[in-house]
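Structure first, then comments.
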Amino acid sequence: MSGTRQRQRPLWMLIPGGLLTLVVIVVPLLTALYISLLDLDQYSIRQWVGAPFVALENYVEAVRASHLPHAVAVSLGYALLATVFTLPLGVAAALATHDRFRGRAFVRSIFLVPYVLPAFVVGTVWRIILQPDGVADSVLGQLGVAPGLWLNGPRSFWALVIVQVWTAWPLVYLLAVSGLHTVDPMVHEAAALDGAGWWAKLRHVVAPYLRGPVSLALVISFLHHVNNFTLPFVLFGVPSPRDVEVLPVLTYVESFQNFRFGLSAAMAVFSLVLVAIPIAVYLRAVRLDTGDEGRTP
């Protein structure tokens with residue numbers, strides 16, 4: 001009996017984490033799924049358990065009669081662009097600050113400032129910068145670029161991408177730095193003895209060490225961009241311009257302005273699917289990379 005108890009002890013230690021997961025994740029998720037099947041609005045919110053059951057009608061309405069397809073396209077497009085643009089910035093900054101030099105710690109700290117600032121502060125500052133005849137128009141005017149509407153017009157999509165890239169690239173930089181620290185100095189010495197140039201060392205020596213951390217950074221960045229609510233909300237307000245009507249803001253509008261709680265819950269489920277797909281792809285890639293696919297239990 002004592003041996004059985006010793007083997008079961010780790011299972012007992014999982015109970016607090018399991019209960020926390022149940023309360024924080026599972027119960028809210030099941031509640032959202034249930035609400036998405038109800039015709040829940042401002043008239044039935046007080047007795048939400050007894051709201052009319054409409055099955056999948058909210059999902060059908062979200063796809064056919066709402067701005068959901070457009071919001072999904074905007075969210076995916078801006079998230080992909082922001083993720084792609086952060087990659088070279090983060091990796092280049094990590095390579096530039098990898099070797100020791102005077103003031104390296106200070107430079108690294110400055111690089112992390114955009115990422116640690118609250119999204120509300122970032123959105124507010126950039127909203128001031130992008131105002132008509134503001135700092136952005138003044139700087140671009142000196143470069144010969146005609147001023148335009150950044151917060152409400154055809155440039156609003158690119159304004160969102162630019163601001164998101166500015167605030168997100170330090171994450172790629174931080175994980176790229178961690179990957180560079182895992183490179184064995186003996187590998188650098190061997191490459192130097194073989195006469196490898198900087199590009200050959202970067203491609204064949206450094207890149208394999210960066211693949212894992214940078215891939216993780218890109219997945220986290222993409223998920224953050226897709227689910228980002230605060231930055232578009234503060235930067236453009238509601239109702240937001242159509243070019244930047246991302247899915248989290250649309251879900252907020254349907255819930256807290258139109259009071260279509262069932263419809264907004266269905267949109268939140270679509271958002272969950274968008275998040276689950278890249279996570280599944282990444283976990284699959286990691287499993288194949290570690291060779292677990294070919295192992296037998």
Completion exercise
Sorted by chain and residue number, the salt bridge (charged side-chain N to carboxylate O under 4.0 Å, His left out) partners of R155 (sequence neighbours excluded) come out as none
Handout entry: Validation row: M267, S271 side chains within 4.5 angstrom (heavy atoms)
Key = no
Practice task
Could you name each residue pair satisfying side chain to side chain donor-acceptor pair (under 3.5 Å) that touches residues 137-147, not counting sequence neighbours?
Solution key: D137-W150
Practice task
Please list, chain by chain and in numerical order, all residues satisfying ring-ring contact (aromatic ring centres under 6.0 Å, His included) with H181, sequence neighbours excluded.
Solution key: H98
Practice task
Check ring-ring contact (aromatic ring centres under 6.0 Å, His included) between W126 and all other residues, then give those that pass, not counting sequence neighbours.
Solution key: W166
Practice task
For the pair T83 (side chain) and A79 (backbone), establish whether a donor and an acceptor sit closer than 3.5 Å, ignoring hydrogens and angles.
Solution key: yes
Handout entry: Verify same cluster id: F261, L33 (apolar side-chain graph, 4.5 Å)
Key = yes
Problem - Approximate separation, where rounding is to 0.5 Å, of S255 OG and D41 CG - result: 11.5 Å
Problem - Pairs touching residues 227-248 that satisfy salt bridge (Lys or Arg N to Asp or Glu O under 4.0 Å), sequence neighbours left out - result: none
Problem - Pairwise side-chain contact, I162 with F85, heavy-atom cut-off 4.5 Å (strictly under) - result: no
Exercise for the section: Would you check if the side chain of S75 reaches a backbone N or O of L247 as a donor-acceptor pair within less than 3.5 Å? Expected result: yes
Problem - V275: partners by side-chain contact (heavy atoms from CB on, under 4.5 Å), with sequence neighbours left out - result: L223, N227, I279
Problem - Pairwise distance CG(L160) to CG(L231) - rounded to 0.5 angstrom - result: 6.0 Å
Handout entry: Side chain S109, main chain A105, donor-acceptor under 3.5 Å
Key = yes
Exercise for the section: For residues L87 and W169, determine if any side-chain heavy atom of one lies less than 4.5 Å from a side-chain heavy atom of the other. Expected result: no
Practice task
With sequence neighbours left out, write down each residue that passes side-chain contact (heavy atoms from CB on, under 4.5 Å) with A119, or none if nothing qualifies.
Solution key: T230
Practice task
Could you tell me whether the side chain of H225 and the main chain of S221 form a donor-acceptor pair under 3.5 Å?
Solution key: yes
Exercise for the section: Check whether any side-chain heavy atom of V122 sits under 4.5 Å from a side-chain heavy atom of V163, and report yes or no. Expected result: yes
Practice task
Could you tell me whether the side chain of V234 reaches within less than 4.5 Å of the side chain of R127, counting heavy atoms only?
Solution key: no
Handout entry: side-chain contact (heavy atoms from CB on, under 4.5 Å) partners for P170, two or more places apart
Key = L112, P114, Y115
Handout entry: Counterpart residues, ring-ring contact (aromatic ring centres under 6.0 Å, His included), relative to Y252 (two or more places apart)
Key = F229, F233, F256
Problem - Whether T167 side chain and Q164 backbone form a donor-acceptor pair below 3.5 Å - result: no
Exercise for the section: Measure across L130 and A159 and return the closest heavy-atom pair with its distance rounded to 0.1 Å. Expected result: CD1-CB, 3.9 Å
Exercise for the section: Determine, using the 4.5 Å side-chain heavy-atom cutoff (strictly less than), whether L29 and I277 are members of one ILVMFWY cluster. Expected result: no
Practice task
Could you pull out all residues at least two apart from Y59 that satisfy ring-ring contact (aromatic ring centres under 6.0 Å, His included)?
Solution key: F270
Handout entry: Backbone of F236 reached by a side-chain donor or acceptor of S240 within 3.5 Å
Key = no
Handout entry: Spatial distance of atom CG (L218) from atom CG (L175) [nearest 0.5 Å]
Key = 9.5 Å
Problem - side chain to side chain contact (heavy atoms under 4.5 Å, CB included) between F259 and E254, worked out - result: CA-CA 6 Å; F259 302 109; E254 291 294 342; over 6 Å; no
Practice task
Just grab all the salt bridge (Lys or Arg N to Asp or Glu O under 4.0 Å) pairs involving residues 57-86, residues at least two apart or on different chains.
Solution key: E61-R260
Problem - V244 vs P232 side-chain heavy atoms within contact, under 4.5 Å - result: no
Exercise for the section: Indicate if L80 and V219 have the same hydrophobic cluster label, given that clusters are the connected sets of ILVMFWY residues with side-chain heavy-atom separations under 4.5 angstrom. Expected result: yes
Handout entry: Single-linkage hydrophobic cluster V139~L149, side-chain heavy atoms < 4.5 angstrom
Key = no
Practice task
Kindly indicate whether the side chain of V54, heavy atoms from C-beta on, has any atom under 4.5 Å from the side chain of L37.
Solution key: no
Problem - Within-4.5 Å side-chain heavy-atom neighbours: V246 and N228 - result: no
Exercise for the section: Could you tell me whether a side-chain N or O of N58 sits under 3.5 Å from a main-chain N or O of S36, the two making a donor and an acceptor? Expected result: yes
Handout entry: Remaining members of hydrophobic cluster (4.5 Å side-chain criterion), L20
Key = V24, I25
